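Read the structure below first, then the notes.
Fair warning: this is a prediction, and the values are worked out from it, not measured in the lab. Below, chains carry the letters A, B, ... as their sequence lines are ordered, and counting in each starts from 1.
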Amino acid sequence: MLPRKQQLFRRGLSVHCSLSLTPSPPPPKPPSLSILADRCKSMDQLKQIHAQMIVSSRIQDNFAASRLLSFCALTESGDLNYASKLFNCIEEPNSFMWNTMIRAYASGSQPSEALFLYIKMRFFEVVPGKHTYPFLLKACSNLGSILSSKQVHTHVLKSGLDLDLHVVNGLVRAYSVSKKIDYARRVFDEALERNLSIWTTMICGYAQNCCPDDALELFDEMIVQGFEPNGVTLASVLSACAQSGCLELGDQIRLFIKRKGMEVGVILGTALVHMYAKNGAISMAKELFDNLLVKNVVTWNAMICGLAAYGHVDEALTLFRGLEREQIEPNDRTFVGVLSACCHAGYLDVGRKIFDSMKSMYGIDPKIEHYGCMVDMLGRSGRVVEAEELMKSMTWKADVVILGALLAACKNHGNIEVAERVVEQILELEPHNHGVFVVLSNMYAEAGRWEEVSKLRKLMKKGNLKKIPGWSHVDDDN
DNA sequence: CTAGGGTTAG
């Protein structure tokens, strides 16, 4: 408040001024900041509007602040860090603003920040609404954290928002990606109402959790209940068809898509290609692949891996070269396909070159699967020692897949020395793996080393598999 | 005052 005298003075002044001026049109109103903020297209513009707000003391104009926040938190050309600073300047953010920030963090690189914001929101006694939980559950999904999913679930139940379809969908999704598919199913079953998205989420959950038969069963039920699937649903169903070998249903889905004139975008198209390729209908897969207008690296990988798996090695390699022409960046999975193709055909030199190019040309660090292909490839061509060397050079501990490939190579090329070490390592990982005994025992027999065969037989009889590591030093009496 | 979901490779 101004002192009394000044107030009177000002009032007098304004009366004086208004009396002394001749009538004139009212000055143009300053454009509303909300409208400006709505039209905001870039961070530069946003910063100008933000500056306007600061100098005109309208920073607490929640209308405009909401718009600015939405722009820089959610849009492609925004800036989440700036949004966070802006948010922190707002004295009493309303629930829309909290939800906006939670939403932005949920799908970013720090989903845990969304959970943290939610806790802060509750601390400030802002009531979460039906727009809060779906975003929060998105954060749980992206975190893959079952603990936070459960905690958010209890908050949902307390809030009474468990009937909201977006919330149900978020819960089903969060439990699915946390690999708790039975929890997801329970939420699904207990929902009073379901829409196509929720059915799709549940079907997709099964497909992504290696339960393709459950996915297909649920799809049947969905149809019985009168829901018509869309492209999103069908992409998941096709994935289930690929996994469980349902070529027929997959083919029916293709016809359905055609009859309905549904748009086949990159995801649905890839799902179709993969379904046919996985089921060995390579020519059909290739035809679809060639006719797809939009492809991405996933599409290419599906086709390359399909070709490789069914022995069309040269076509797989040709496709790999074609990928470079299309300027699509291959990724680690592309190389699993290409290297397994080389392995299949025994193209050792080609395989080696590609393996080396992964890091040098594409900047992709080989993973254990890639080493697995190389070990297998070297082993098959009889270079057992080299294969063992490569395996030892890995930064990871060898797994049973890679050890199994090496053991097979030992067997096929009669390298008992390496086989003994490999068997030892396999038994460390799987102490009850009788199969490797049989392999080793057969190898000794083949070499005429009957003493070792006998020792092994006695150990096996005693069921004393744990003694096997270093077993050859064990006396007969033990 | 405002907003939101589910999809493809191994």
Side-chain angles (χ1 to χ4, degrees), chain A residues 32 34-35 37-38 61-71 73-74 94-104 106-107 129-138 141 164-174 176-177 184 188 194-205 207-208 210 215 222 227 229-243 262 264-275 277-278 285 288-289 292 294-306 308-309 330-337 340 367-370 372-373 401:
Chain A
S32 147
S34 293
I35 291 172
D38 246 352
D61 173 353
N62 273 357
F63 263 52
S66 294
R67 259 85 174 173
L68 285 193
L69 203 61
S70 297
F71 177 83
L74 302 175
N94 57 25
S95 66
F96 176 82
M97 296 168 178
W98 284 99
N99 294 343
T100 302
M101 293 307 292
I102 289 173
R103 177 184 171 192
S107 9
K130 61 176 182 169
H131 289 280
T132 311
Y133 291 109
F135 299 133
L136 203 55
L137 287 164
K138 181 79 162 178
S141 299
D164 183 273
L165 294 183
H166 285 98
V167 173
V168 171
N169 192 49
L171 283 168
V172 175
R173 180 78 195 138
S176 295
V177 299
F188 178 87
R194 298 173 201 125
N195 59 15
L196 184 60
S197 291
I198 295 174
W199 280 95
T200 303
T201 305
M202 192 66 233
I203 290 171
C204 169
Q208 293 181 337
C210 308
M222 185 189 103
F227 286 92
N230 62 14
V232 183
T233 319
L234 293 178
S236 283
V237 179
L238 284 167
S239 164
C241 291
Q243 290 175 59
M262 291 170 67
V264 180
V266 60
I267 294 178
L268 190 53
T270 303
L272 279 166
V273 169
H274 175 237
M275 194 279 301
K278 190 74 195 297
L288 279 161
F289 178 84
L292 268 188
V294 194
K295 306 185 193 84
N296 61 17
V297 66
V298 184
T299 324
W300 285 80
N301 289 353
M303 196 65 240
I304 290 173
C305 292
N331 62 19
D332 54 336
R333 293 181 188 190
T334 318
F335 287 98
V336 173
S340 71
K367 293 206 221 168
I368 194 161
E369 303 96 288
H370 305 107
C373 290
V401 178

So [X], base contact, sugar-phosphate only, or nothing? Heavy-atom distance under 4.0 Å.
| X | value |
| --- | --- |
| Ile198(A) | base |
| Val298(A) | base |
| Asp332(A) | nothing |
| Gly231(A) | base |
| Gln208(A) | sugar-phosphate |
| Leu165(A) | base |
| Lys130(A) | base |
| Arg67(A) | base |
| Leu196(A) | base |

Checklist entry - Under 3.5 Å, is there a donor-acceptor pair linking the side chains of Thr201(A) and Asn169(A)? => result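 A donor-acceptor contact under 3.5 Å links the two side chains.
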
Next on the checklist: For the CZ atom of Phe63(A) and the CG atom of Asn94(A), what is their distance to the nearest 0.5 Å?
Outcome noted: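 Phe63(A) atom CZ to Asn94(A) atom CG measures 10.0 Å (nearest 0.5 Å).
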
Item to check | Segment of DNA chain B, first to last nucleotide, that comes within the 4.0 Å heavy-atom reach of chain A | outcome: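 For DNA chain B, the relevant span reads dC1(B) to dG10(B).
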
Checklist entry - Would you call Thr270(A) and Ile267(A) a side-chain contact if the rule is heavy atoms closer than 4.5 Å? => result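 Contact flag for Thr270(A)/Ile267(A) side chains = no.
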
Checklist entry - Does the pair Ile198(A) and Phe188(A) meet the rule for a side-chain contact (heavy atoms from CB on, under 4.5 Å), with working shown? => result CA-CA 8 Å; Ile198(A) 295 174; Phe188(A) 178 87; 3.7 Å; yes

Item to check | Partners passing side-chain hydrogen bond (donor to acceptor under 3.5 Å, both in side chains) against Ser176(A) (at least two apart in sequence or in another chain) | outcome: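 Checked Ser176(A) against side-chain hydrogen bond (donor to acceptor under 3.5 Å, both in side chains); zero matches.
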
Item to check | Pairing residues for Arg67(A) by the salt bridge (Lys or Arg N to Asp or Glu O under 4.0 Å) criterion, not counting sequence neighbours | outcome: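 Arg67(A): salt bridge (Lys or Arg N to Asp or Glu O under 4.0 Å) contacts with Asp38(A).
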
